[in-house]
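Indexing begins at 1, ligand by ligand and atom by atom, following the structure's order. For clarity, every value in this text was computed on a predicted model and none was experimentally measured.
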Amino acid sequence: MKKYSAFAVAREALRDHLGWERAWQSPEPSSKYDVIIIGAGGHGLATAYYLGKNYGITNVAILEKGWLGGGNTGRNTTIIRSNYLQDPSAAIYEKARSLYENLSQDLNYNIMFSPRGVMMLAQTQHEIRGYERTAHANALQGVSTEFISPQKVKKLCPIINIEGPRYPVLGALWQPRGGTARHDAVAWGYARACSDMGMHIIQQCEVTGVNTMNGKAVGVETTKGTIACEKIGIVVAGHSGVLADMAGFRLPIESVALQALVSEPVKPCMDVVVMANTVHGYMSQSDKGEMVIGGGADGYNNYSQRGSFHHVEETVRALVETFPIISRLKMLRWWGGIVDMTGDRSPIISKTPVKNIFMNCGWGTGGFKAIPGSGWAMAELIAKGEPGPLAEDFRVTRFREGQFIDESVAAGVAH
Ligand SMILES: Cc1cc2nc3c(=O)[nH]c(=O)nc-3n(C[C@H](O)[C@H](O)[C@H](O)COP(=O)(O)OP(=O)(O)OC[C@H]3O[C@@H](n4cnc5c(N)ncnc54)[C@H](O)[C@@H]3O)c2cc1C
């Protein structure tokens with residue numbers, strides 16, 4: 001793999017950029033791999049990367065039915081934060097956030113991590129109590145957050161209206177090292193590094209069946225033929241239930257569409273991420289100048305990657321009260337992704353009833369921020385066959401045991 005650097009850009013500029021090689025290879029599948037990862041989203045690619053980097057396992061195929069990063073990874077609003085309430089969540093999201101800090105250097109790929117700060121507005125007394133509680137919990141967990149006054153909110157984000165008629169801003173939970181990253185670049189950077197380690201990224205290769213023998217998986221059926229393997233990692237977000245069904249077990253998970261939109265580009269007016277959970281909307285400004293806006297999930301199960309009108313109307317109506325400046329902006333693009341929701345709004349990183357199949361799913365509306373930490377924990381689970389400290393609480397059996405990791409306040413609407 002050629003190293004990307006300022007020198008390389010200058011050299012290529014002098015020879016009409018003819019020397020760049022493909023960022024990743026597109027090989028035909030081999031007949032057998034040590035590990036097959038199903039799903040080339042951020043979590044699948046990060047899992048493969050840390051399998052290679054941390055455990056030296058590189059005879060790996062990542063099978064993707066569409067194009068890599070074309071699922072939720074390339075459809076999200078890119079918010080990164082780790083201000084969750086429960087200890088297992090804070091641990092894995094903070095691990096992910098800290099890996100994001102140096103991911104560009106680690107992958108030699110600019111993922112445009114921008115720790116511009118994330119604030120979650122408190123617009124009811126109930127939210128003040130909830131966020132103050134989270135700030136205390138975060139202090140104990142070593143996650144740097146603070147509860148800030150409405151005046152500080154206004155100082156950090158001058159375009160905000162803190163005296164909204166329905167829901168004035170009463171304060172906010174502020175995480176100064178939260179922020180955003182370029183979502184495609186995260187997938188592309190991991191893909192390039194995986195390919196460089198000799199792993200096979202096979203796009204347009206849908207897994208249509210899981211072959212098992214004596215309670216063990218022996219391979220998968222795909223649109224490119226049968227592929228054998230020793231271990232399988234299923235990392236397919238909104239299609240987790242479908243793949244689990246192929247492997248012969250069920251998951252406590254639902255799939256729903258979540259949508260987002262961006263406005264036409266405007267001059268820089270906002271250099272923090274703001275989430276307003278009570279009124280149900282959040283916003284940041286992309287490097288291109290578009291206002292990136294996200295809302296809630298559909299209230300019914302579906303596999304649609306499109307938006308629905310009533311959500312756009314609700315989200316924009318809510319945000320216009322808090323950000324009157326956006327009332328005349330035109331919407332540029334609008335899309336949806338299929339998110340995988342668990343009952344406690346926490347992920348599943350777990351062994352399954354099939355001995356050598358491992359699941360990573362349930363990131364719901366907020367898994368972009370978790371990609372490096374999730375990949376790290378899932379790689380450990382696959383390599384060792386047992387979860388490490390980051391993953392053990394996220395076992396699927398917690399739902400039967402009543403050991404929920406309730407993040408409905410931190411993750412319900414907020415991404
Ligand atoms: C509109 C929206 C906004 C969001 N905003 C945020 C945010 O601001 N911050 C945040 O942290 N998170 C956010 N999220 C959530 C985040 O995007 C997801 O949690 C995360 O991207 C999930 O990554 P993944 O790798 O698990 O899934 P995906 O990126 O969906 O990857 C799964 C892949 O599996 C493939 N696949 C499925 N079935 C098969 C099969 N049978 N064979 C082969 N491949 C298959 C799919 O094609 C897909 O590419 C948002 C999501 C959406 C939809």
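- Aromatic ring pairs are classed by plane angle as parallel below 30°, tilted from 30° to 60° and perpendicular above 60°; the pair Y303 and H239 is tilted.
- At least one N/O-N/O distance between H43 and ligand 1 falls below 3.5 Å.
- In terms of polar-atom proximity, defined here as any N/O pair under 3.5 Å, V207 does make such a contact with ligand 1.
- Polar contact with ligand 1: present for I79 (N/O pair, distance under 3.5 Å).
- Counting only non-hydrogen atoms, the option in V220, I38, V235 that gets closest to atom 32 (C) of ligand 1 is V235.
- Which parts of ligand 1 touch G41 is read off a 4.0 Å heavy-atom cut-off, strictly below it: atoms 25 (O), 29 (O), 31 (O).
- E94 and R97 are joined by a salt bridge, as a carboxylate oxygen and a charged side-chain nitrogen come within less than 4.0 angstrom of each other.
- Formation of a donor-acceptor pair under 3.5 Å by the S195 side chain with backbone atoms of A191 is not found in this model.
- Near R75, meaning under 4.0 Å from one of its heavy atoms, ligand 1 places the atoms 1 (C), 2 (C).
- Shown here are the ring pair (Phe, Tyr, Trp, His ring centres under 6.0 Å) partners of Y300, two or more places apart in sequence or in another chain: there are none.
- No heavy atom of G294 sits closer than 4.0 Å to any atom of ligand 1.
- Remark: ligand 1 and H239 share no N or O pair separated by less than 3.5 Å (distance only, no angle test).
- Of the candidates L45, N72, V292, N72 brings a heavy atom nearest to atom 18 (C) of ligand 1.
- With I293 as the fixed residue, the side-chain contact (heavy atoms from CB on, under 4.5 Å) test singles out one of V262, T77, L261: L261.
- Note: W174 and Y131 fail the aromatic proximity criterion, with ring centroids not under 6.0 Å apart.
- When only interatomic distances are considered, the shortest N/O to N/O separation between A370 and ligand 1 does not fall below 3.5 Å.
- Contact atoms of ligand 1 toward L243: 41 (N) (distance under 4.0 Å to a heavy atom of the residue).
- The proximity of T222 to ligand 1, defined as any non-hydrogen pair under 4.0 Å, does not occur for either the backbone or the side chain.
- For the pair E206 and ligand 1, the shortest N or O to N or O distance does not fall below 3.5 Å.
- Of the N or O atoms in W335, none lie within a sub-3.5 Å distance of an N or O in ligand 1.
- Using a 3.5 Å distance cut-off with no hydrogens or angles, the side chains of D106 and Y190 do not pair a donor with an acceptor.
- Within the cation-pi definition used here (under 6.0 Å to the ring centroid, within 45° of the axis), K95 qualifies as a partner of W376.
- With hydrogens and angles ignored, the 3.5 Å screen pairs a side-chain donor or acceptor of S149 with a backbone N or O of K152.
- In terms of N/O distances under 3.5 Å, ligand 1 is approached by G366.
- For G367, a nitrogen or oxygen atom sits less than 3.5 Å from a nitrogen or oxygen atom of ligand 1, counting backbone and side chain alike.
- Here H183 has no heavy atoms under 4.0 Å from ligand 1, in either its backbone or its side chain.
- Under a 4.0 Å N-O distance rule, the pair R116/D287 qualifies as a salt bridge.
- At least one heavy atom of C205 sits less than 4.0 Å from an atom of ligand 1.
- Each of the atoms 33 (C), 34 (O), 35 (C) of ligand 1 lies under 4.0 Å from some heavy atom of G39.
- Residue contact check: A260 has heavy atoms under 4.0 Å from atoms 1 (C) of ligand 1.
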Between S308 and Q259, is the side-chain hydrogen bond (donor to acceptor under 3.5 Å, both in side chains) condition met? List the steps. CA-CA 8 Å; S308 45; Q259 55 188 293; 3.1 Å; yes

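- Annotation: cation-pi geometry satisfied between R192 and Y4 (NZ/CZ under 6.0 angstrom from ring centroid, within 45° of ring axis).
- In this model, a donor atom of one side chain and an acceptor atom of the other lie less than 3.5 Å apart for Q141 and D87.
- Ligand 1 has no atom lying under 4.0 Å from any heavy atom of G336.
- Using the six-membered ring where Trp is involved, F368 and H183 have ring planes that are perpendicular, over 60° apart on the 30 and 60° scheme.
- Only the side chain of Y282 comes within 4.0 Å of ligand 1, judged by heavy-atom distances.
- The N/O atoms of I338, backbone and side chain alike, include none that comes under 3.5 Å of an N/O atom in ligand 1.
- Only backbone heavy atoms of L63 (N, CA, C or O) come within less than 4.0 Å of ligand 1; its side chain stays farther off.
- Within the listing of ligand 1, atoms 15 (C), 19 (O) sit less than 4.0 angstrom from a heavy atom of G364.
- Listed by atom number, the atoms of ligand 1 under 4.0 Å from A237 heavy atoms are 26 (O), 27 (O), 30 (O).
- Remark: the backbone N or O of I111 is paired with a side-chain donor or acceptor of S104 at under 3.5 angstrom.
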